[in-house]
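First the structure, in the form of structure tokens, and then the observations on it.
Order of the sequence lines sets the chain letters (A, B, ...), proteins ahead of strands, with each chain counted from 1.
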There are 2 protein chains.
Amino acid sequence: MHKSRRNDKAAAAPAGALTMADLARLAGVSKITVSRALSENGIVAAGTRDKVRALAAEHGYKLNVSARNLRLRQSHTIAVIVEMKPSVNRPMSDPYPLELLGGIAQELATANYSVLLTTTRQGALAPAVQAADAVILLGQGARQQAVHLFDRLRLPMVVWGAPGADDAHVVVGSDNRQGGASAAERFVSLGRHHPVFLGDTDHAEMAERHAGFVTHLKAYGIAPLVVNHKAFTAESGFDAVRVLLRRKTHFDAVFAINDLLAMGAVRALIEAGLRVPEDVTVIGYDDIPLGAAFIPPLTSVHQNWHEGGVLLARKALALFRGEKVASETLPSRLVVRAT
Amino acid sequence: MHKSRRNDKAAAAPAGALTMADLARLAGVSKITVSRALSENGIVAAGTRDKVRALAAEHGYKLNVSARNLRLRQSHTIAVIVEMKPSVNRPMSDPYPLELLGGIAQELATANYSVLLTTTRQGALAPAVQAADAVILLGQGARQQAVHLFDRLRLPMVVWGAPGADDAHVVVGSDNRQGGASAAERFVSLGRHHPVFLGDTDHAEMAERHAGFVTHLKAYGIAPLVVNHKAFTAESGFDAVRVLLRRKTHFDAVFAINDLLAMGAVRALIEAGLRVPEDVTVIGYDDIPLGAAFIPPLTSVHQNWHEGGVLLARKALALFRGEKVASETLPSRLVVRAT
DNA sequence: CGGTATCTTGATATCGGTAACATTCGATGC
DNA sequence: GCATCGAATGTTACCGATATCAAGATACCG
């Protein structure tokens with residue numbers, strides 16, 4: 001009554017400043033009883049519980065998360081660090097970070113956890129990141145950064161990407177090697193003997209696709225022509241294939257490590273008067289929506305990003321709980337369409 | 001020494017359990033002195049400050065954010081709610097939520113704020129959301145939801161979208177009306193007299209684009225053919241144009257409210273033997289990276305999402321501080337390429 | 001040299017919850 | 001009828017930081 005706290009500052013933040021103590025007074029019980037009544041597994045008489053809950057609802061009581069986190073010594077928060085590098089040769093057209101994010105958010109929400117989002121590019125990490133229970137790292141060149149962060153934060157960490165030799169941290173990713181193999185498999189089953197691999201073999205994930213592709217073909221005595229290509233755009237795919245055609249290279253199949261490259265390739269082939277897939281078969285990677293809407297609809301290797309996000313979240317939580325967690329690779333599957 | 005706290009649970013969370021009190025003991029000063037030494041504007045002797053800071057760095061001291069937030073009665077957190085509706089007719093290929101998110105994260109980081117990410121789709125909001133200092137809402141059908149949330153949370157809120165009649169909350173969006181007008185402008189300057197509008201006029205933002213487009217043309221006595229179209233995919237753009245061609249509709253320009261639609265339209269035109277842009281000019285909307293990589297490169301209306309994110313963040317913070325904040329519309333601009 | 005102004009540091013209380021232990025009270029057993 | 005048990009609730013003490021007010025140390029003034 002006498003404490004005119006309501007007149008503080010903007011009265012915005014402390015507006016709903018109803019605490020458990022207030023609620024306890026209203027209900028004629030003690031703080032702890034209120035706490036127990038509101039908590040899921042508190043041992044309270046049904047009558048009291050209902051009364052308290054009704055009162056809480058009526059007055060719009062909000063639990064003070066900071067207080068609880070402080071007392072419980074945990075944050076109920078997982079930090080997600082997204083590497084935002086709108087690099088020249090890798091347009092941010094990829095919907096994948098957002099899909100991963102969606103999966104992560106969904107899974108963590110069901111576990112009653114919050115997602116704290118941070119992007120690199122901004123200099124320092126938000127201070128709250130170090131308070132998180134665990135960290136999930138998304139991004140391409142994430143590897144070195146990951147180690148760096150790990151040392152600095154000393155937090156459980158899960159990384160999205162290609163599993164590497166260094167197993168310093170848990171990695172979740174889709175099976176790029178198998179993806180490459182499934183493309184090879186299809187070429188073989190179609191009787192193609194002169195396939196071309198189009199992509200950047202220096203990139204960790206792409207290297208996996210390349211390895212899977214080459215290895216599988218080798219079993220059939222087929223050695224693909226590898227066109228090492230740094231850029232990831234449709235235009236560069238178009239150009240690459242045009243160069244092949246101009247040189248009169250003989251090939252009857254193209255596996256591009258990315259749908260844009262594949263679409264560019266298809267366009268170049270058609271423009272040169274070749275038929276797709278009769279003369280040359282083309283397989284892309286990522287199965288982006290545009291590929292399905294492409295004309296002709298693109299055959300592509302699909303990755304399940306949403307599920308990847310869910311998995312990342314689960315592993316991060318498990319890691320925090322001190323459970324033993326292993327890296328995991330998600331299967332990818334070839335979606336056969338018209339090319 | 002005697003407190004074997006280290007053996008708690010997984011020893012993961014309380015591992016770096018170095019508190020200010022510990023640090024104070026090490027430095028031979030009191031807690032509050034440590035607090036002041038670490039805070040930016042604390043009044044402490046230079047010697048003490050350096051000593052404390054060195055000690056903190058050496059032992060990897062981490063500030064307990066929960067404790068500070070509790071004491072300071074604020075969360076230093078802004079909740080971002082992303083409406084994730086992987087609806088059939090609106091593929092999540094749009095990179096825009098991620099770009100907005102990037103802008104928001106960047107701006108908030110410089111203000112030393114954290115981003116708490118939540119998606120709809122998950123039933124209940126994370127409990128931490130109500131602790132946030134403000135809320136930013138991203139998503140298409142956000143409008144009704146927004147009001148609902150506003151009432152429930154009683155938090156300052158900023159919404160991304162088209163400014164509507166109801167000014168219950170602050171809205172940031174790009175100028176769809178102007179975007180539509182700039183497409184019209186280009187058609188006029190090219191001397192096109194039979195333009196087609198392709199898109200869903202029921203959708204708030206699209207309706208704005210339509211209005212701008214029609215209004216601008218009207219000044220020149222031109223009435224476009226409006227093809228009301230619910231879907232947002234390339235395929236549906238393709239189909240829509242094919243229908244027009246089959247009906248022998250006469251038109252020399254197409255304005256699609258989305259790049260995918262536009263690309264589908266271009267494809268249909270080319271397939272029908274028409275030349276783009278000589279016979280029919282096509283303008284898309286959003287200027288997605290895919291469009292630039294399209295063959296031929298797509299002319300499109302560009303929206304500055306990153307800046308939009310920054311603006312959303314700024315307004316959310318201002319709102320929290322109790323400042324007067326108005327809705328704002330960002331200019332969009334036509335990027336002329338080959339179509 | 002006494003006294004006050006300034007600078008630096010400290011003791012204490014507090015933010016809003018929850019764990020651990022204590023207490024009350026009715027029910028049950030013998 | 002008395003002891004015992006268990007359910008329901010309360011008391012107290014924290015979690016780790018910071019604001020407030022007070023006190024000690026040092027410098028400066030006439």
Side-chain angles (χ1 to χ4, degrees), chain A residues 3 5-6 8-9 13-53 56 59-76 127-128 130-131 133, chain B residues 3 5 8-9 13-53 56 59-76 112 127-128 130-131 133:
Chain A
K3 284 207 274 177
R5 177 191 296 165
R6 212 122 302 213
D8 274 354
K9 311 178 58 174
L18 195 68
T19 75
M20 275 199 174
D22 299 333
L23 214 52
R25 213 172 304 126
L26 286 170
V29 295
S30 72
K31 283 203 303 179
I32 188 70
T33 302
V34 174
S35 172
R36 289 197 264 245
L38 296 179
S39 107
E40 210 50 58
N41 45 4
I43 311 146
V44 197
T48 349
R49 193 192 55 211
D50 294 346
K51 187 170 73 178
V52 170
R53 289 197 174 179
H59 292 272
Y61 166 74
K62 293 197 233 169
L63 175 76
N64 184 320
V65 186
S66 296
R68 192 183 65 182
N69 285 346
L70 172 58
R71 181 65 236 236
L72 296 180
R73 293 153 151 267
Q74 54 156 331
S75 64
H76 253 265
Q130 47 180 231
D133 289 346
Chain B
K3 285 207 275 179
R5 176 190 297 164
D8 275 354
K9 312 177 57 174
L18 197 68
T19 76
M20 276 199 174
D22 300 331
L23 214 52
R25 212 171 305 124
L26 287 170
V29 295
S30 72
K31 286 201 303 179
I32 187 69
T33 302
V34 173
S35 172
R36 289 198 265 246
L38 295 179
S39 110
E40 209 49 61
N41 45 3
I43 311 145
V44 197
T48 340
R49 192 190 57 211
D50 294 346
K51 186 171 72 178
V52 171
R53 290 198 173 178
H59 292 272
Y61 165 74
K62 294 195 232 169
L63 176 76
N64 185 319
V65 186
S66 297
R68 193 182 68 183
N69 286 345
L70 172 58
R71 181 63 237 239
L72 262 33
R73 294 153 152 265
Q74 54 156 316
S75 65
H76 253 263
N112 235 301
Q130 49 181 228
D133 289 345

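At the heavy-atom level, A/Thr48 lies under 4.0 Å from the strands shown only through sugar-phosphate atoms. Counting any heavy atom pair closer than 4.0 Å across all strands shown, B/Val44 reaches sugar-phosphate atoms only and no base atom. In this structure, A/Ile43 reaches the bases: a heavy-atom distance under 4.0 Å links it to at least one base atom across the strands shown. Nucleic acid contact for A/Val29: sugar-phosphate only, since backbone atoms but no base atoms lie under 4.0 Å from a heavy atom of the residue. If you check every strand for non-hydrogen atoms under 4.0 Å, B/Leu63 touches sugar and phosphate atoms only.
Nearest nucleotide to the side chain of A/Ser30, out of D/dG16, D/dA19, D/dG10: D/dG10. Among the nucleotides C/dG16, C/dA11, C/dA20, the one closest to any side-chain atom of B/Ile32 is C/dA11. In the set D/dA17, D/dG16, D/dA8, the nucleotide with an atom closest to the side chain of A/Ala45 is D/dA8.
In this structure, A/Glu40 places its CD atom 16 Å from C1' of C/dT18, rounding to the nearest Å. For A/Met20 and D/dC15, the CE to C1' distance is 15 Å, given to the nearest whole Å. Atom CG of B/Leu70 is separated from atom P of D/dA19 by 13 Å (rounded to the nearest Å). Computed from coordinates, the A/Leu72 CG to D/dC15 P distance equals 13 Å when rounded to whole Å. For the pair B/Gln74 CD and D/dA19 P, the interatomic distance rounds to 10 Å; values are reported in whole Å. The separation between A/Leu38 atom CG and C/dG16 atom C1' is 13 Å, rounded to whole Å. Between the C1' atom of D/dC15 and the CG atom of B/Asn64 lies a distance of 8 Å, rounded to the nearest Å. Per the geometry, NZ belonging to B/Lys51 stands 12 Å off C1' belonging to C/dT9, to the nearest Å.
The two residues A/Ala67 and B/Leu70 have their closest heavy-atom pair at CB-CD1, 3.8 Å.
Distances shorter than 4.0 Å separate none of the side-chain N or O atoms of B/Thr33 from OP1 or OP2 on C/dT9. For the OP1/OP2 pair of C/dG16 and a distance below 4.0 Å, the side-chain nitrogens and oxygens of A/Tyr61 include no atom meeting the criterion. For B/Arg49 and C/dT8, the shortest distance from a side-chain N or O to OP1 or OP2 is not below 4.0 Å.
Side-chain atoms of B/Arg71 and base atoms of C/dT14 include a donor and an acceptor less than 3.5 Å apart. The base of C/dG17 sits within donor-acceptor range of the side chain of A/Lys31, with an N or O pair under 3.5 Å. Within 3.5 Å, a donor on the side chain of B/Arg36 pairs with an acceptor on the base of C/dG10, or the reverse.
Annotation: B/Leu72, atom CG; neighbour count of heavy atoms from other residues, nucleotides and ligands within 6.0 Å is above 12.
Put simply, the side chain of B/Tyr61 reaches to within 4.5 Å of the side chain of B/Leu38, judged on heavy atoms. Proximity of A/Asp22 to A/Arg25: side-chain heavy atoms (C-beta onward) are separated by under 4.5 Å at one or more points. The shortest side-chain heavy-atom distance between A/Leu23 and A/Lys31 does not fall under the 4.5 Å cut-off.
A distance of 9.0 Å separates CZ of B/Arg73 from CG of A/Asn64, quoted to the nearest 0.5 Å.
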